[in-house]
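The block underneath contains the structure these notes are about, expressed in structure tokens.
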Amino acid sequence: MKVAVDYSRCAGLGICESFASEIFEIDESGALLVRRAEIPQQIGAAVRAAVAGCPTEALRLEDD
């Protein structure tokens, strides 16, 4: 599983970071950084919650 971001939709609210800080980070300028595109199985549920919780629908999951 991989995460993809539509940066044109991302508002930098940090909700994804609150669910899965191992994968998502909002930097000092408010931009989203994806630390790892490939999602480890053990945090898959947290990343799914982050994708579902994104109010701008900027995140999506892709199969390998």
Side-chain angles (χ1 to χ4, degrees):
M1 172 172 52
K2 294 182 182 181
V3 66
V5 181
D6 180 347
Y7 287 99
S8 68
R9 298 183 78 151
C10 181
L13 300 173
I15 294 168
C16 55
E17 184 178 25
S18 70
F19 281 105
S21 60
E22 304 92 336
I23 302 298
F24 305 105
E25 178 183 355
I26 302 298
D27 70 10
E28 300 83 35
S29 68
L32 175 62
L33 303 174
V34 177
R35 295 176 166 195
R36 297 174 64 176
E38 189 73 31
I39 308 303
Q41 185 175 1
Q42 64 269 25
I43 60 170
V47 174
R48 283 186 194 88
V51 170
C54 180
T56 62
E57 299 180 351
L59 303 173
R60 72 177 185 281
L61 294 175
E62 301 175 341
D63 293 326
D64 291 338

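Atom set for the values below is all heavy atoms of this structure, side chains included, hydrogens, waters and symmetry mates excluded.
Remark: R60 engages E62 in a salt bridge (Lys or Arg N to Asp or Glu O under 4.0 Å) (not counting sequence neighbours). With sequence neighbours left out, the side-chain contact (heavy atoms from CB on, under 4.5 Å) criterion links A46 to A20. Listed by chain and number, the residues in a side-chain contact (heavy atoms from CB on, under 4.5 Å) with A52 amount to none (sequence neighbours excluded). D27 pairs by the side-chain contact (heavy atoms from CB on, under 4.5 Å) definition with S29, A31, L33, not counting sequence neighbours. Residues that satisfy the side-chain contact (heavy atoms from CB on, under 4.5 Å) test with I39, not counting sequence neighbours, are M1, V3, I23, I43, V47.
The hydrophobic cluster containing V5 also contains V51, counting ILVMFWY residues as joined when their side-chain heavy atoms lie under 4.5 angstrom apart, directly or transitively.
Closest of all the heavy-atom pairs between I15 and P55 is CD1-CD, 3.7 Å. Between L32 and C10, the shortest heavy-atom contact is CB-SG, 3.8 Å. In this structure, V34 and Y7 approach most closely via the heavy-atom pair CG2-OH, 3.8 Å. Shown here for A11 and T56, the closest heavy-atom pair between the two residues is CB-CG2, 4.1 Å.
Listed by first and then second residue, the salt bridge (charged side-chain N to carboxylate O under 4.0 Å, His left out) pairs involving residues 6-21 amount to none (not counting sequence neighbours). Residue pairs that meet the salt bridge (charged side-chain N to carboxylate O under 4.0 Å, His left out) test with at least one member in residues 32-55, sequence neighbours left out, are E25-R35.
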Item to complete: Please report the C-alpha distance between F24 and L59 in whole Å, then the side-chain angles of each, then the deciding distance to 0.1 Å, and finally whether the side-chain contact (heavy atoms from CB on, under 4.5 Å) criterion is met.
Response: CA-CA 11 Å; F24 305 105; L59 303 173; 4.0 Å; yes
